[in-house]
Amino acid sequence: MFKKLFITSVIGLTTTFTYAEQVTVFAAASMTNALQQVATDYKQHAPQDEIVFSFASSSTLAKQIAEGAPANIFISANTKWLDYLKEKGLTVAGTEKILVGNDLVMIANKESQTDKIDIAAGEWIKQLEDNFLSVGDPDHVPAGQYMKAATTKLGFWEKIESKLARGKDVRAALALVERDEAPLGVVYGTDAKQSDKVKVVGIFPADSYPKIEYPTALLKDHDSKAATAFFAYLQSDEAKNVFAQYGFSVAE
């Protein structure tokens, strides 16, 4: 936890000392835009505090925390990696909560002639004969793991396993389609919504993959007053409205 000391002095009055605290949030890459907006809004309530983010794949962030990275809050793109930290005793007991939800979609470059795909029918696989499907690496990235679960249930996994362009996180998978270096990609619905360079051409059946949930928790020995306050704000109606605007599903 970093603190900055601000000294306010007015002639004839007692000098006051205000400490600004830094709150470090490790969060899934797919939450980048929404969380940055939430942090901007939060400054209206706590202008003295600085919210700093580290965005990456949930697995990468969880492992960094386990190795001692000084984060205050963790937000994962699936329950697996929050459970991983919880089992190691690194979360503050009782603070583990589901923050938002998401869905899984297939995208193409906005200039692509592909407009609509029936994912369950499997005809789209023909487009991968001389190309690759851009995804978050299923070995590490939650978005890729949801994709693997969906294509396995739909009976396509063995056909596409060797045709994957494996990104380090879901935003890397998005970028490849944005640059038109892959004809199709699989990302979260919220990622597609934030890009003006891609279009959604198909939505994975909701029953083909586990429910996409983003759990969060305060981290043990780093649950400062400032961190606790921002953690509470993440669950406020004001923050929920922002998450909804960015396409996440939120609890009432």
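Any value given below was found using the heavy atoms of this structure, including those in side chains, with hydrogens, waters and symmetry copies removed.
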From CA spacing to verdict: side-chain contact (heavy atoms from CB on, under 4.5 Å), Asp191, Ile107: CA-CA 10 Å; Asp191 295 301; Ile107 57 171; over 6 Å; no
Intermediate values then yes/no, side-chain contact (heavy atoms from CB on, under 4.5 Å), Leu219 and Ile73: CA-CA 6 Å; Leu219 297 173; Ile73 298 169; 5.9 Å; no
Pair Tyr188-Val105, side-chain contact (heavy atoms from CB on, under 4.5 Å): steps then yes or no: CA-CA 6 Å; Tyr188 297 121; Val105 302; over 6 Å; no
Residues Lys199, Asp115; criterion salt bridge (Lys or Arg N to Asp or Glu O under 4.0 Å); working and verdict: CA-CA 8 Å; Lys199 57 186 175 181; Asp115 287 318; 2.7 Å; yes
Test log, rule side-chain contact (heavy atoms from CB on, under 4.5 Å), inputs Asp49 and Gln22: CA-CA 6 Å; Asp49 293 335; Gln22 177 176 302; over 6 Å; no
Pair Lys168-Asp137, salt bridge (Lys or Arg N to Asp or Glu O under 4.0 Å): steps then yes or no: CA-CA 6 Å; Lys168 64 179 182 178; Asp137 188 348; over 6 Å; no
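One hydrophobic cluster, built from ILVMFWY side chains closer than 4.5 Å, cannot hold both Ile65 and Phe231; they sit in different ones. Linking Ile, Leu, Val, Met, Phe, Trp and Tyr whenever their side-chain heavy atoms come within less than 4.5 Å puts Leu154 and Val200 in one cluster. One hydrophobic cluster, built from ILVMFWY side chains closer than 4.5 Å, holds both Phe156 and Tyr209. Note on Val170: it clusters hydrophobically with Leu99, by side-chain heavy-atom contacts below 4.5 Å among ILVMFWY residues. The cluster map of Ile, Leu, Val, Met, Phe, Trp and Tyr, joined by side-chain heavy atoms under 4.5 Å apart, puts Met106 and Val141 in different clusters.
You'll find the side chain of Phe230 reaches within 4.5 Å of the side chain of Val25, heavy atoms only. No side-chain heavy atom of Glu213 sits under 4.5 Å from any side-chain heavy atom of Asn78. Using a 4.5 Å cut-off on side-chain heavy atoms (C-beta onward), Val38 and Ile51 make no contact. Side-chain atoms of Ile160 and Trp124, non-hydrogen and from C-beta on, do get closer than 4.5 Å to each other. In this structure, Val186 and Leu133 have side chains that are in contact, with non-hydrogen atoms separated by less than 4.5 Å. Contact check for Pro138 versus Met147: side-chain heavy atoms found under the 4.5 Å cut-off. You'll find the side chain of Val23 stays beyond 4.5 Å of the side chain of Glu50, heavy atoms only. Between Val177 and Leu184 there is no side-chain heavy-atom pair separated by less than 4.5 Å.
Within the 3.5 Å criterion, the main-chain N or O of Ala239 finds a donor-acceptor partner in the side chain of Ser236. Judged by distance alone, the side chain of Glu96 and the main-chain N or O of Gly94 form a donor-acceptor pair under 3.5 Å. Side-chain atoms of Asn131 do not come within 3.5 Å of backbone N or O of Ala182 as any donor-acceptor pair. Distance alone, capped at 3.5 Å, places no donor-acceptor pair between the Ser195 side chain and the Ala192 backbone. When atom types are taken as modelled, the side chain of Thr95 and the backbone of Leu218 share a donor-acceptor pair closer than 3.5 angstrom. Between the side chain of Ser112 and the backbone N or O of Ala108, no donor-acceptor pair lies under 3.5 Å. Looking at Lys211, its side chain never comes within 3.5 Å of a backbone N or O of Ala206 through a donor-acceptor pair. With hydrogens and angles ignored, the 3.5 Å screen pairs a side-chain donor or acceptor of Thr152 with a backbone N or O of Lys148. Not one N or O on the side chain of Ser76 forms a donor-acceptor pair closer than 3.5 Å with the backbone of Ser58.
A salt bridge links Glu123 to Lys126: one of the charged nitrogens lies within less than 4.0 Å of a carboxylate oxygen. Ion pairing of Asp139 with Arg166 is present here, as a side-chain N (NZ or NE/NH1/NH2) and a carboxylate O approach within less than 4.0 Å.
A side-chain N or O of Asp41 and one of Gln37 form a donor-acceptor pair less than 3.5 Å apart. If you check the side chains of Tyr233 and Glu238, you find a donor sitting under 3.5 Å from an acceptor.
When each of Val242, Asn241, Val100 is paired with Val250, the side chain to side chain contact (heavy atoms under 4.5 Å, CB included) condition holds for Val100 and for no other.
Taking both residues in full, the closest heavy atoms of Phe132 and Ser162 are given as CE2-O, 3.9 Å, listed atom of the first, atom of the second, then distance. Annotation for Ala217 and Leu82: closest pair CB-CD1, 3.8 Å, computed over non-hydrogen atoms. Scanning all heavy atoms of the two residues, the minimum distance from Asn72 to Ser224 falls at ND2-OG, 4.2 Å. Minimum interatomic distance between Ser134 and Ala172 (heavy atoms only, all atoms of both residues): OG-O, 4.4 Å. Here the closest heavy-atom approach between residue Phe248 and residue Met31 is recorded as CZ-CG, 4.0 Å. Of all heavy-atom pairs between Ile212 and Leu104, the closest is CD1-N, 4.0 Å.
Atom NZ in Lys159 sits 5.5 Å away from atom CD1 in Ile125 (nearest 0.5 Å). Atom CG of Leu35 is separated from atom OH of Tyr246 by 10.0 Å, given to the nearest 0.5 angstrom. Atom-to-atom distance recorded for Thr79:OG1 and Ile98:CD1 is 6.5 Å, nearest 0.5 angstrom. Distance CD/Glu178 to CG/Leu174: 4.0 Å, rounded to 0.5 Å. Interatomic distance, CG of Asp83 versus CG of Leu85, reported as 9.0 Å (0.5 Å rounding).
Residue pairs meeting the side chain to side chain donor-acceptor pair (under 3.5 Å) criterion with at least one partner in residues 100-111, sequence neighbours excluded, are Asn102-Thr190, Asn102-Tyr214.
Atom NZ of Lys220 has 12 or fewer heavy atoms from other residues, nucleotides or ligands within 6.0 Å. Under a cut-off of 6.0 angstrom, the local environment of NZ in Lys43 is crowded, with over 12 non-hydrogen atoms contributed by other residues, nucleotides or ligands.
Using cut-offs of 30° and 60° for the angle between ring planes, the His45 and Tyr42 rings count as tilted.
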